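Keep in mind that what you see is a predicted model, and the values were worked out from it rather than measured.
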Amino acid sequence: MKRHGRQETQSVTVGWREWLAFPELGIPAIKAKLDTGARTSALHTFSIESFLSHGRPKVRFGIHPLQKRRDIELFCVADVADRRVVSDSGGHRELRYVISTPVRLGNTIWPIEITLTNRDTMLFRMLIGRTAIRGRVIVDPDSSYLTGRSLARSYPEGGKPRRKT
């Protein structure tokens with residue numbers, strides 16, 4: 001158990017890649033790389049469109065949640081938390097939308113900030129940076145999918161995500 005200020009947290013060990021979900025965005029499953037070398041979390045998105053709703057800035061975007069599966073598309077809407085200049089692994093700087101949303105990893109749910117960007121050239125559609133996992137998980141670089149693979153079955157072979165009944 002670790003002490004962070006007055007709050008005690010129990011860290012869980014996870015692999016360097018895990019399946020996770022974003023329930024409020026309607027994303028039942030996405031494979032993520034947990035990268036302690038990256039500060040910021042990033043989600044692969046396309047067709048990013050900002051708009052106002054009741055005077056609040058929002059963003060609408062599409063994702064392909066599975067690698068190599070362009071036939072599966074999900075469209076999400078979220079409040080804009082911020083816009084920030086972020087440097088990618090190649091040192092390129094980009095102004096990105098930032099959203100805040102709960103992530104579910106294994107049996108744990110907590111809010112994280114995510115930047116929206118095009119990760120088409122990257123192997124993983126989702127990158128979880130150290131800010132999102134600090135004090136919550138310990139990453140074992142020799143392991144994968146320690147929280148399980150059950151989310152991998154969230155999408156049928158044909159395309160659209162399964163809906164819970």
Side-chain angles (χ1 to χ4, degrees), residues 4-5 7 9 11 14-106 108-139 141 144 147 151-152 154-155 159-161:
H4 293 282
Q7 181 181 15
T9 60
S11 294
V14 298
W16 70 272
R17 60 185 170 177
E18 294 287 347
W19 283 95
L20 50 88
F22 294 105
E24 287 187 7
L25 295 177
I27 302 172
I30 189 165
K31 193 183 331 178
K33 177 180 179 182
L34 284 82
D35 188 347
T36 60
R39 179 175 44 232
T40 308
S41 298
L43 176 64
H44 166 70
T45 58
F46 63 91
S47 298
I48 299 172
E49 174 188 338
S50 63
F51 64 99
L52 288 176
S53 176
H54 304 292
R56 296 178 58 182
K58 293 196 173 266
V59 65
R60 179 181 298 113
F61 55 92
I63 72 160
H64 295 117
L66 301 180
Q67 296 165 241
K68 302 176 186 171
R69 292 288 306 269
R70 292 186 151 275
D71 60 315
I72 299 176
E73 292 183 343
L74 301 177
F75 289 88
C76 310
V77 174
D79 290 332
V80 174
D82 198 4
R83 288 194 76 187
R84 292 185 201 138
V85 175
V86 177
S87 295
D88 66 17
S89 58
H92 303 98
R93 296 171 60 81
E94 176 185 36
L95 181 62
R96 298 181 186 174
Y97 286 101
V98 179
I99 64 170
S100 179
T101 191
V103 62
R104 181 166 59 90
L105 177 60
T108 307
I109 298 175
W110 73 95
I112 67 169
E113 286 190 339
I114 304 168
T115 64
L116 307 179
T117 188
N118 185 317
R119 293 181 54 83
D120 253 346
T121 61
M122 308 303 278
L123 184 58
F124 287 87
R125 297 295 185 205
M126 182 72 218
L127 179 83
I128 300 288
R130 67 181 176 268
T131 303
I133 59 176
R134 181 176 286 128
R136 295 193 178 271
V137 302
I138 297 169
V139 179
S144 295
T147 61
L151 290 179
S154 295
Y155 304 98
K160 297 189 189 257

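Side chain of Trp110 to backbone of Ile133: no donor-acceptor contact under 3.5 angstrom is found.
In this structure the side chain of Phe22 reaches within 4.5 angstrom of the side chain of Met126, judged on heavy atoms. For the pair Val139/Val14, a side-chain contact is recorded, criterion being any heavy-atom separation below 4.5 Å from C-beta on. A 4.5 Å side-chain heavy-atom check between Thr117 and Val86 finds every atom pair outside the cut-off. Inter-residue side-chain proximity for Leu74 and Pro28 is flagged as met; some heavy-atom pair is nearer than 4.5 Å. Side-chain contact check for Thr101 versus Pro111: every heavy-atom pair is 4.5 Å or farther apart.
Atoms CD1 and CG, from Ile48 and Leu116 in turn, are 5.0 Å apart once rounded to the nearest 0.5 Å. Thr115 OG1 to Asp82 CG: the interatomic distance, rounded to the nearest 0.5 Å, is 11.0 Å. Here the straight-line distance linking atom CG of Leu34 with atom CD1 of Ile138 works out to 12.5 Å at 0.5 Å rounding. Taking CD1 of Ile30 as the reference point, atom CD1 of Ile63 lies at 4.5 Å (rounded to 0.5 Å). Atom CG of Leu43 is separated from atom CD1 of Ile128 by 9.0 Å, given to the nearest 0.5 angstrom. A distance of 10.0 Å separates CG of Asn118 from CZ of Arg96, quoted to the nearest 0.5 Å.
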Check: Could you go step by step and tell me if Leu105 and Arg136 meet the side-chain contact (heavy atoms from CB on, under 4.5 Å) rule?
Finding: CA-CA 10 Å; Leu105 177 60; Arg136 295 193 178 271; over 6 Å; no
- Item | Test log, rule side-chain contact (heavy atoms from CB on, under 4.5 Å), inputs Ile99 and Leu25 | CA-CA 11 Å; Ile99 64 170; Leu25 295 177; 4.0 Å; yes
TODO: Take Thr131 and Arg39 through the side chain to side chain donor-acceptor pair (under 3.5 Å) test and state the conclusion after the steps.
DONE: CA-CA 6 Å; Thr131 303; Arg39 179 175 44 232; 5.5 Å; no
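Taking both residues in full, the closest heavy atoms of Phe75 and Gly62 are given as CD2-CA, 3.6 Å, listed atom of the first, atom of the second, then distance. The two residues Ala29 and Leu151 make their nearest non-hydrogen contact at CB-O, 3.1 Å. Taking all atoms of both residues into account, the shortest heavy-atom contact from Ala78 to Phe61 is CB-CE2, 4.4 Å. Shown here for Ser41 and Gly129, the closest heavy-atom pair between the two residues is OG-N, 3.0 Å. Smallest separation of non-hydrogen atoms from Gly135 and Ser11: O-OG, 3.7 Å.
The salt bridge (charged side-chain N to carboxylate O under 4.0 Å, His left out) pairs that include a residue from residues 25-37 number zero, where partners must be two or more places apart or lie in different chains. Pairs engaging residues 53-65 under the salt bridge (charged side-chain N to carboxylate O under 4.0 Å, His left out) rule: Glu49-Arg60, Arg56-Asp79, Lys58-Asp79 [sequence neighbours left out]. Contacts classified as salt bridge (charged side-chain N to carboxylate O under 4.0 Å, His left out) and involving residues 121-132 (residues at least two apart or in different chains) are given here: Asp120-Arg125.
Annotation: side-chain hydrogen bond (donor to acceptor under 3.5 Å, both in side chains) contacts of Thr147 (sequence neighbours excluded): Glu18. Partners of His64 by ring pair (Phe, Tyr, Trp, His ring centres under 6.0 Å), not counting sequence neighbours, listed by chain and number: Phe46. Not counting sequence neighbours, the partners of Phe124 by the ring pair (Phe, Tyr, Trp, His ring centres under 6.0 Å) test are Trp16.
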